Amino acid sequence: MREYKPQEIEIRWQKKWDEENAFEPKEDYTLPKKYILSMFPYPSGRIHMGHVRNYSIGDAIARYYRQKGLNVLHPIGWDSFGMPAENAAIKHGVHPKKWTYENIDYMRKELKRLGLSFSKTREFATSDPEYTRWEQEFIIKMYENGLLERRTQKVNWCETCHTVLANEQVIEGCCWRCDNPIEIKELPGWYIKITKYAEELLRDIDEKLKGNWPDKVLTMQKNWIGKSSGLKFKFNLSDESREKLKNAFDGYEVFTTRPDTIYGVTYSALAPEHPIVDFMLENKLFDKETEERVRKIRSILPKERQAMEKEGVYLGIDVVHPLTKEKIPVWLANFVLMDYGTGAVMAVPAHDERDFEFAKKYNLPIKWVIKPENGEIDETKAYTGDGILINSGEFTGMKNTEAKKAIIKKFEEQGIGKEEINYRLRDWGISRQRYWGAPLPFIKCPKCGIVPEKIENLPVTLPDDVEITGSGNPLESHPTWKHTKCPKCGSDAERETDTMDTFVQSSWYQFRFTTDFHKYPDVPFRKEDEKYWMPVDQYIGGIEHAILHLLYARFFTKALRDLGYASVDEPFKKLLTQGMVLKDGSKMSKSKGNVVDPDEIVAKYGADTARLFILFAAPPEQELEWSDSGVEGAYRFLNRLYQNASKCYKTDKKPEIDVSKLNKAEKEARRKVYETLKRSKDTYEKTFAFNTLIASAMEALNALNKIDNKDVYTEGYWVLMNVLEPIIPHITSEISEELFERNNFGEIEVDEEALKKDEINYPVQVNGKKRAEISVAADASKDEILESAKRAVSKYIEGKEIVKEIVVPGRIVNIVVKG
RNA sequence: GCCCGGGUGGCGGAAUUGGUAGACGCAAGGGACUUAAAAUCCCUCGGGCGCUUUGCCCGUGCCGGUUCGAGUCCGGCCCCGGGCACCA
């Protein structure tokens, strides 16, 4: 008996695939294609089980289509800019570039050892200058087309670290690294106007992605974009208030989704950062106490106000209700956001929970204008449901859903307001005060202002001789890098020292893979390649990217389309979100000490075992609980598969079977084999339920081991090796090469005859309870089945009246009796 | 608070979409082989009753409903996981 030595087998095949360039996409674009993409990794140093899972799923799908003769693009790259490289530089003094590219070299070997069928020619790292070059061109084109702008906005600033912090990096008002209190600073930064595409991003969720992406992800994106429609109108200041404000303002606009409650307005509220508040502070229009309270609320970050109790202060000014002409007091409120809508709201405490809470706290009047169709108003809380308008002038008695439209119409007719749509989606701030990123290709000229770098001068590359200390942007402090000449007027100018958010790189990498870019260095990707390969047919990755990456990549695709680079509206036709890999119920992490190292598993059992286990243990979308003994089980199965191959004979074509000579067990084994084959198509193309496909293959092998028929056994192997090759490519290649010269790889037709049963087992129920089981000929008539069934359950139906007889062909018999 | 998922043996998970609940694997127990162990192979494996077989009762988070028949559909509730969270 020969021994299963996965290390020898696997390394031999990996070498062979490498030499044969077995996984390169073909240039014949008349072939049907599949573009299979797993999210590319960040080169952190070593692969983890999440990677193994991600790439095992993608590889199985890619190998399946390749085996069936399709032209398959299955690339890998490296998302290689980012903070960890700089942190490593600070901690260990190693240059980010060296650290990054050494990690890539190591991880490339790890992935290769898993037998993943990635194209070699398409591999790149996003930190490669050739990649940056094109990204900078896109960014310049976006700038020229109004999709990118530099503007000054309030940001979180840490003085000791000399950098802007993301909201996520501010912990209780302090810097996450040095613990110093952060400041709010107005800083210039670069913003991509993703909001211009809000409507299309939303629309294509329903029109292009529904049914192909998980509903969960689509819902999350919808909520994130957050479309709402309502009425925008202007509150005019009262005469006294306008005077008080020195005629600098005559009013301000508000947005509401509830115009139907307009008669219930009892006050209005401004965001703490509202221009009117700014003006009043600057012109000292508050009394001392009010000013103090205003300043106090303004000193708290908007993000942190959300966790606080509602707070506000009357500003001493009033506006006029647009319909009733009543005087409405204007408050400052800490729950009003400056960057949504107009930064000011009308407040209807009777029908809005926040307004109600605020009104109760400050004893503001509450006016009920909608009553439920059935039942009475409960005055202890806001009523936010539908109902009939009361106290609403000419609209009284109307259903509120209709009143919404009618009131908007009235505002539009009088020219005092109009219907408006608002989105929660914000523009995408891509500036990072970091070294290890793609430089923003702009020059600040004292004469010309912002000037894009000339296209022929791209890429703007990073200087290698930098000192990374963790405080401040090394590009800013570099002695020479930022000093340059203005591309327009030639005078002394400075480069932009901000680099781009790494999400910019991962937003268009799927396009770059479509071209053999070593061959075609003059384009980011060739149009004919992009047309043929895009969109990605199947994208696979973690749900944690449901919003950020997947939304940015969708946006980028649309932007590149409109800039003339791309031909598709959506980058990823189908999306599979894989679940996390857990150990002892929680995510594997160094701090918990529950990490299982893929290298160790591969060293002990081989790549096929790792792949088999990870695809067998749970369906791909679900979380996967790591189990050492489960891995052993997978390894045992592969051993059996390998040993039992000796029960087959060598042949270069599938054995012909004389079905008439087979016994029951042999037919049963053939049926299970072909059931597995039949199931495999659905699994690889639609459901990705690899766990049940593997279970089915195990059942088939178990059934084969019960028979003693070399033809059937060999046929079984011929089919099973074909079905399992995408999952466990090494062992199946080895066996198939030895027995079948690998002629079994490719399309095998399902033998429908083999799937048929001679006899069918029917459970027989009496009044819905199973009482017996019968076996009848597959072609038995309904009456024959019933007759046999009644005989089997005679003791339950004797002397009773039969009310109903149900025979579901191929399924079940149920006899309903009375008495 | 709102919006999605999900609750099935000791465990991971199946169940052809309303038709034999627990496939497949793991763990556990028993047996064979062996001087012994490992490996391998065979048997048992939801709970209870009867236990020699046939068999009977209960069982898919809880309560109710629809149906000849419900893990699956409907109504109400209880847990668990995730996302969003003052968006006017």
Side-chain angles (χ1 to χ4, degrees), chain A residues 1 3 214-224 226-228 230-232 254-258 261 268-269 271 302 305-310 333-337 339-348 351-355 357-358 422-426 543-544 546-547 579-580 582 612-613 616-619 621-634 636-637 639-640 643 675 679 682 689 691-702 705 761-773 795 803-817:
Chain A
M1 185 166 278
E3 199 188 333
D215 283 340
K216 190 181 176 178
V217 174
L218 297 182
T219 312
M220 282 163 76
Q221 291 212 351
K222 270 189 194 172
N223 292 341
W224 190 262
K227 179 180 180 174
S228 59
L231 171 70
K232 187 159 121 180
V254 295
F255 171 73
T256 179
T257 56
R258 295 294 306 272
T261 63
S268 171
R305 289 182 203 142
Q306 294 182 7
M308 297 171 59
E309 199 186 319
K310 296 201 177 10
N334 68 344
F335 63 87
V336 179
L337 306 169
D339 60 353
Y340 181 79
T342 61
V345 297
M346 67 176 212
V348 184
H351 304 290
D352 182 282
E353 281 165 21
R354 292 158 304 174
D355 297 348
E357 199 185 323
F358 192 81
N422 259 296
Y423 300 92
R424 302 170 64 166
L425 184 68
R426 295 297 132 84
I543 187 112
E544 64 273 19
I547 297 171
M580 284 192 305
L582 309 180
L612 180 66
F613 169 75
F616 179 58
E621 324 79 56
Q622 255 176 62
E623 290 181 336
L624 183 150
E625 176 68 34
W626 186 264
S627 155
D628 289 330
S629 48
V631 176
E632 300 258 3
R636 274 198 291 272
F637 172 75
N639 257 295
R640 244 176 296 145
Q643 307 303 345
E675 271 173 2
R679 183 190 278 268
D682 245 27
N691 55 330
T692 51
L693 178 66
I694 294 164
S696 171
M698 287 172 169
E699 260 189 89
L701 186 70
N702 291 345
N705 282 333
N761 286 347
Y762 282 90
V764 182
Q765 297 183 333
V766 178
N767 291 345
K769 274 186 197 251
K770 187 189 160 193
R771 293 301 181 188
E773 195 169 297
K795 70 173 179 179
V803 184
K804 207 168 178 183
E805 292 164 339
I806 295 142
V807 179
V808 185
R811 293 261 181 273
I812 205 165
V813 179
N814 192 7
I815 296 165
V816 186
V817 295

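So you know, we letter chains A, B, ... as the sequences are listed, proteins then strands, and number each from 1. Quantities reported herein were computed from a predicted structural model and do not represent experimental measurements.
In terms of position along RNA chain B, the nucleotide closest to Val813(A) lies nearer the 5' end than the nucleotide closest to the other residue of the pair Val816(A) and Val813(A). The 5' end of RNA chain B is approached more closely, in terms of each residue's nearest nucleotide, by Ala617(A) than by the other of Ala617(A) and Ala695(A).
Checking C4(B), G25(B), C86(B) against the side-chain heavy atoms of Lys310(A) singles out C86(B) as nearest. Among the nucleotides G12(B), U16(B), C4(B), the one closest to the side chain of Arg811(A) is U16(B). Checking G19(B), A88(B), G13(B) against every side-chain atom of Gln765(A), the shortest atom distance belongs to G19(B). Comparing A88(B), A15(B), G55(B) by their nearest atom to the side chain of Thr692(A) picks out A15(B). Which of C24(B), G55(B), A88(B) sits closest to the side chain of Lys795(A) comes down to G55(B). Closest to the side chain of Ile806(A), out of C86(B), A14(B), C68(B), is C68(B). Distance from the side chain of Pro763(A) is smallest to U20(B) among U20(B), G12(B), C26(B). In this structure, the nucleotide among C86(B), A23(B), G19(B) sitting nearest to the side chain of Glu699(A) is A23(B). Closest to the Phe255(A) side chain, of the nucleotides C26(B), A88(B), C68(B), is A88(B). You'll find that the side chain of Arg771(A) is closest to C57(B), out of C68(B), U40(B), C57(B).
Applying the 4.0 Å criterion to OP1 and OP2 of C26(B), one finds that Arg636(A) has a side-chain N or O inside that range. Of the side-chain N and O atoms in Arg679(A), none sit less than 4.0 angstrom from OP1 or OP2 of U16(B). Side-chain N/O atoms of Tyr423(A) include none lying less than 4.0 angstrom from OP1 or OP2 on C87(B). When the side-chain nitrogen and oxygen atoms of Asn702(A) are compared with OP1 and OP2 of G25(B), one or more of them lie within a distance under 4.0 Å. The phosphate of A14(B) has OP1 or OP2 within less than 4.0 Å of a side-chain N or O from Asn691(A). Side-chain nitrogen and oxygen atoms of Lys216(A) include none within less than 4.0 Å of the OP1 or OP2 phosphate oxygen of G81(B).
Rounded to the nearest Å, the gap between the P atom of C62(B) and that of U8(B) is 10 Å. One P atom belongs to U60(B), the other to G71(B), and the distance between them is 7 Å to the nearest Å. With both ends at atom C1', the span from A88(B) to C80(B) equals 34 Å, rounded to whole Å. As rounded to the nearest Å, U72(B) and U53(B) have P atoms that lie 34 Å from one another. Comparing A15(B) with A23(B), their C1' atoms are spaced 8 Å from each other, to the whole Å. To the nearest whole angstrom, the two C1' atoms, one in G31(B) and one in C45(B), are 15 Å apart. With both ends at atom P, the span from A21(B) to A32(B) equals 36 Å, rounded to whole Å. Separation of the P atoms belonging to C77(B) and G1(B) is 13 Å when rounded to the nearest angstrom.
Residue Arg354(A) contributes atom CZ, which lies 14 Å from atom P of A85(B) at whole-angstrom precision. For the pair Asn223(A) CG and C3(B) C1', the interatomic distance rounds to 6 Å; values are reported in whole Å. For the pair Asn705(A) CG and C42(B) C1', the computed distance is 13 Å after rounding to whole Å. Spacing between atom CG of Leu693(A) and atom P of U16(B) amounts to 16 Å, rounded to whole angstrom units. The CD-C1' distance, from Glu544(A) to G83(B), rounds to 13 Å in whole Å. Between the C1' atom of G82(B) and the CG atom of Leu582(A) lies a distance of 13 Å, rounded to the nearest Å. Rounded to whole angstrom, the span from the CG atom of Leu425(A) across to the C1' atom of C84(B) amounts to 15 Å. In this entry the distance linking CE of Met580(A) with P of G81(B) reads 12 Å, nearest Å.
Looking at heavy-atom distances under 4.0 Å, Arg640(A) makes contact with sugar-phosphate atoms alone, never a base. Within the nucleic acid shown, Thr342(A) has no heavy atom closer than 4.0 Å to any nucleic acid atom. Contacts of Gln622(A) with the nucleic acid, taken as non-hydrogen atoms under 4.0 Å apart, involve only primed sugar atoms and P, OP1 or OP2. The residue Gly341(A) sits apart from the nucleic acid: no heavy atom pair falls under 4.0 Å. Residue Val348(A) is classed as having no contact, given no heavy-atom separation below 4.0 Å to the nucleic acid. No contact: Glu357(A) has no heavy atom under 4.0 Å from any strand.
For Arg424(A) and C84(B), a side-chain-to-base donor-acceptor distance below 3.5 Å is absent, hydrogens and geometry of angles not being considered.
Using a 4.5 Å heavy-atom threshold, the side chains of Phe335(A) and Met308(A) count as separate. By the 4.5 Å heavy-atom criterion applied to side chains, Val766(A) and Lys795(A) are not counted as neighbours.
Under the Watson-Crick and G-U wobble criteria, each requiring two contacts below 3.5 Å, nucleotide C77(B) is paired to G61(B). Across all strands shown, C51(B) has no partner, as no Watson-Crick or G-U wobble contact with both distances under 3.5 Å is found. Base pairing annotation: C33(B) forms no Watson-Crick or G-U wobble pair, as no partner gives both donor-acceptor distances under 3.5 Å. Base pairing annotation: G1(B) forms a Watson-Crick or G-U wobble pair with C84(B), both donor-acceptor distances under 3.5 Å. G9(B): no Watson-Crick or G-U partner with both key distances under 3.5 Å is found in any strand.
Remark: the backbone N or O of Glu309(A) is paired with a side-chain donor or acceptor of Asn334(A) at under 3.5 angstrom. At distances below 3.5 Å, not a single donor-acceptor pair connects side-chain atoms of Asn422(A) with backbone N or O atoms of Ser228(A). Between the side chain of Tyr762(A) and the main chain of Gly810(A), a donor-acceptor pair closer than 3.5 Å is present.
In U16(B) the O4'-C1'-N dihedral to the base is more than 90° from 0, which defines an anti nucleotide. Nucleotide G9(B) carries a syn base; the chi torsion (O4'-C1'-N9-C4 or O4'-C1'-N1-C2) is within 90° of 0.
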Discussion item. Assess the residue pair Leu582(A) and Glu625(A) against the criterion (side-chain contact (heavy atoms from CB on, under 4.5 Å)); give the C-alpha distance rounded to whole Å, side-chain angles, the decisive distance to 0.1 Å, and a yes or no.
Written reply: CA-CA 5 Å; Leu582(A) 309 180; Glu625(A) 176 68 34; 3.8 Å; yes

Original post:
Would Val345(A) and Tyr340(A) satisfy side-chain contact (heavy atoms from CB on, under 4.5 Å), going step by step from the backbone distance to the final call?
Top reply: CA-CA 10 Å; Val345(A) 297; Tyr340(A) 181 79; over 6 Å; no

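Between the CE atom in Met346(A) and the OG1 atom in Thr256(A) there is a gap of 3.5 Å [rounded to 0.5 Å]. The distance from atom CG of Leu218(A) to atom CG of Asn223(A), rounded to the nearest 0.5 Å, is 11.0 Å.
For Asp352(A) and Arg258(A), the salt-bridge test fails: no basic side-chain N is under 4.0 Å from an acidic carboxylate O.
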